[in-house]
2 protein chains.
Amino acid sequence: MVRSDARENRARILEAARQAFAESGDTSMNQIAQRAGVGPGTLYRNFPTREALVLAIYQHEVDQLIGSVPELLATLPPLKALQRWTTDLVSAMRKKHGLGDALSSGAHQAITEQTYGPVIAAITQLLDAGKRDGTIRTDADPGDFLQLTGALWRAASGAKDRSQPMLGLILDGLKAHPQR
Amino acid sequence: MVRSDARENRARILEAARQAFAESGDTSMNQIAQRAGVGPGTLYRNFPTREALVLAIYQHEVDQLIGSVPELLATLPPLKALQRWTTDLVSAMRKKHGLGDALSSGAHQAITEQTYGPVIAAITQLLDAGKRDGTIRTDADPGDFLQLTGALWRAASGAKDRSQPMLGLILDGLKAHPQR
DNA sequence: TACGGTAGTGGAGACCTCTCCGGATAGCAA
DNA sequence: TTGCTATCCGGAGAGGTCTCCACTACCGTA
């Protein structure tokens, strides 16, 4: 039984957080709680970590990204699709404050399963397509790939965006080796 | 002109930090300052971030790692040498509390140039050897590689150590493409 | 040896994350 | 309505990071 006031509070927190993060990425949890007219305790009961909150806020964007996989696979060869998708992912991480940290640290957190699971599933789809047509090595692991994506995002956040050459390197590593 | 008391304070901080980190990785800066008989202000003037402190503590280990490059290159083909060296690096990151965070975040910090620079130089040596004998693609970038190493280390810290397969993937990506 | 300029000190304090728990209250039963 | 209680609230507070600046003490000079 979820009490109605609890539901409203959760909604208010999400709304406040959405606004706050839109303005700046380094808003403190306290500020968000205050903005939502709620104590820090309530905030943390709903979202035990900053990551959980960020993921909840950007659930929609992440869903969209995940939903784009079938279309990409329908119009592009698997490797190209993976490249495009990953570029989009990194780009989303850059634009949405905190999303990068959340997704790349999320690998260790069971809390984020709701978001993290689907992302892994999306990557799995992309990789599997490539494995099926023989362009991607069969031992490629979705979790590994996501982890490497974290490095990409960090690279994209630096002074010079090195994410494209790095992605190129990773994709080359993913390619199946034609025996010569 | 460095005052003598300042030099001693710095030494005391390093010694206290060395002990503290040997005991546990999540020692607070305050605790270290206290242990060194010094105010937090003094600690932070000497080492502006936790990373800077960690790097200073493990300077010796890092130096050793860097020094091992010539011997590796003398006894192994470049790709193998790079593989061994990177494995050692990740292993050192795992053993020494906080070193991983320091090195992989260090990519963005000018502060860490003293340690970060030589590490890049070491990677450059390894990559260049491979470029010279044609086993490593000529556009491989040392900074990119270090960044990817960060992902390796994070992967190695997880429940299951996935760093070896991931390293394999990266090395494959680094290989020069023989034109067919 | 006494002294002044200045490099260096260190702790108070602003602000943060996260926890704990006494008190408030929504929702149900009577 | 009223009373009960599981559920939820929210703020005090422990402990952390990092800054600022009034003060201290080192060291070259006379």
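Throughout, a chain's letter reflects where its sequence line sits, starting with A, and its residues are numbered from 1.
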Task: A:Arg12/A:Glu15 salt bridge by N-O under 4.0 Å criterion - done: no
TODO: Assign a letter to each nucleotide of nucleotides 8-21 of chain C from its 5' end: B, base within under 4.0 Å of a protein heavy atom; S, sugar-phosphate only; -, no contact.
DONE: SBBB----SBBBB-
TODO: For A:Asp144 and A:Ala140, indicate whether the former's side chain and the latter's backbone hold a donor-acceptor pair under 3.5 Å.
DONE: no
Open item on the list: Test your reading of the model: is there a side-chain donor-acceptor pair from A:Thr86 to the backbone of A:Leu82, 3.5 Å cut-off?
Closed with: yes
TODO: Determine yes or no for a side-chain-to-main-chain donor-acceptor pair under 3.5 angstrom, with B:Arg132 supplying the side chain and B:Leu127 the backbone.
DONE: no
- [ ] Could you tell me the separation between the CD atom of B:Gln34 and the P atom of D:dG15, rounded to a whole number of Å?
- [x] 12 Å
Task: Between A:Ser28 and A:Asn30, a side-chain donor and acceptor under 3.5 Å - done: no
